[in-house]
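What follows is a short report on a single structure.
Just so you know, ligand 1 is whichever comes first in the structure, and atom 1 is the first atom listed for that ligand. Computed from a prediction, not measured in an experiment: that's the story for all the values here.
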Amino acid sequence: MTIAATPAGSAMVPGAAPPILQLVGVRKAFGDFVAVDRIDLDIRDGEFLTIVGPSGSGKTTLLRMLAGMESPTSGDITLRGQRINELPSNRRPTCLVFQSLALFPHKSVGENIEFPLKVKRIAPPARRARALELLRMVRLPESHYGKNVMTCSGGERQRVALARALAYDPEILFFDEPLSALDYKLRKTMEKELKDLHRESGKTFVYITHSLEEAMVMSDRIGVMRDGRLVQVGTPEDIYTRPADKFVSEFVGEVNVVDAVRRDGVWSAEGIDGLRLVVPPALSAADKAAVVIRPEFLRFVSGPGGADNCLSGVVFNEYALGSRIQYQVRVGEKTFLLELSRASAWRGEAGAPATIGWDADDAIVVGA
Ligand code: ADP
Ligand code: MG
């Protein structure tokens, strides 16, 4: 089968810098239950890597092993070539930022940020100078230095926690869904700021979220987890345009999936009578596949012949999605989603028949 899938592997690019962290065959079992299995992954020095996956897919367990709060049942984790499977978290050059921030209550913003520096016995004037620098880095005014953290807003506390994590001067920062408790607007702002902070700090960020949208905004690379396995690792562009399988393509967003089968050299779509599917040439070796069509690649056509693949149906719903409009079109038993920009909205009425279509090259074909 010639369907392209990005390997979730750790193949070294010749001449590329050695990975800062390397995972080989990492597995974690709790009794009989395997939470994380067969993970091979190279984490590059200085990259922003995000692991996404549904709740329960093993993200936190994986991160806890990287941070030294759990050790793998089998497999190896190496840091710059040194095996660190059993090295406790306080002896690793890493720092974990949680959703629950674990700041010291009743202490000032400055005292919280300076805590790691105090532990290292850095003199008060140097501590203060560094704290002020970190405040600027996380976009908090210097006037917050003396403020009690309990009087800070959620977003401000998040920034204080970040500044404190940076004060440890770790080589790698781990984040476990740090923004999930924030409201939408603040989360969007913080996503962009985290990306800036990553660039300014030059550190390696390993970030966990169940939101692919969040991952897309911030990451250099994304790893997608499902049932303890890493099913794909790639750039946001790879994940979006070349999903490794149906699961990844559906995780990326609302999509249309047509199960395609070939009989006697002819492709047809399950559940859609009479459609002779035109598929991309890459598919010629297989006889079963899932054809994924994003709603923005489906369009209304004037009639048969208006696109490589045409279907007759009925438009039965339309939703305004801000600048875009989504239509639900029923074709036999199946519902297709089609999206248009508001400016080119369809002028028909709900309940009206319509022909929709897509060109073979606009579909993504993944293993069935
Ligand atoms: P995620 O962070 O992706 O939501 P987790 O890594 O927290 O997933 O959990 C993955 C699976 O492992 C879940 O089914 C969870 O119940 C299980 N699990 C996690 N920690 C333990 C533990 N200490 N003992 C038993 N099962 C656990
Ligand atoms: Mg989790």
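Residue side and main chain included, T60 places an N/O/S atom under 2.8 Å of the Mg ion (ligand 2).
For ligand 1, the protein residues placed under 4.0 Å by at least one non-hydrogen atom are F30, F33, A35, P54, S55, G56, S57, G58, K59, T60, T61.
E177 and Y207 form no side-chain donor-acceptor contact under 3.5 Å, judged by distance and modelled atom types alone.
In summary, D259 and K246 engage in a salt bridge, as defined by a charged side-chain N under 4.0 Å from a carboxylate O.
Between F297 and W358, the ring center distance fails the sub-6.0 Å criterion.
Because its NZ or CZ atom is not both nearer than 6.0 Å to the ring centre of F174 and within 45° of the ring axis, R64 does not count as a cation-pi partner of that residue.
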Show me the donor-acceptor pairs within less than 3.5 Å that the side chains of residues 123-133 make with the rest of the protein, sequence neighbours left out.
{"from": "R127", "atom 1": "NE", "to": "E114", "atom 2": "OE1", "distance (Å)": "3.3"}
{"from": "R127", "atom 1": "NH1", "to": "I122", "atom 2": "O", "distance (Å)": "3.1"}
{"from": "R130", "atom 1": "NH1", "to": "E133", "atom 2": "OE1", "distance (Å)": "2.4"}

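The aromatic rings of Y168 and F115 stand perpendicular to each other, their planes meeting at an angle above 60°, with 30° marking the opposite boundary.
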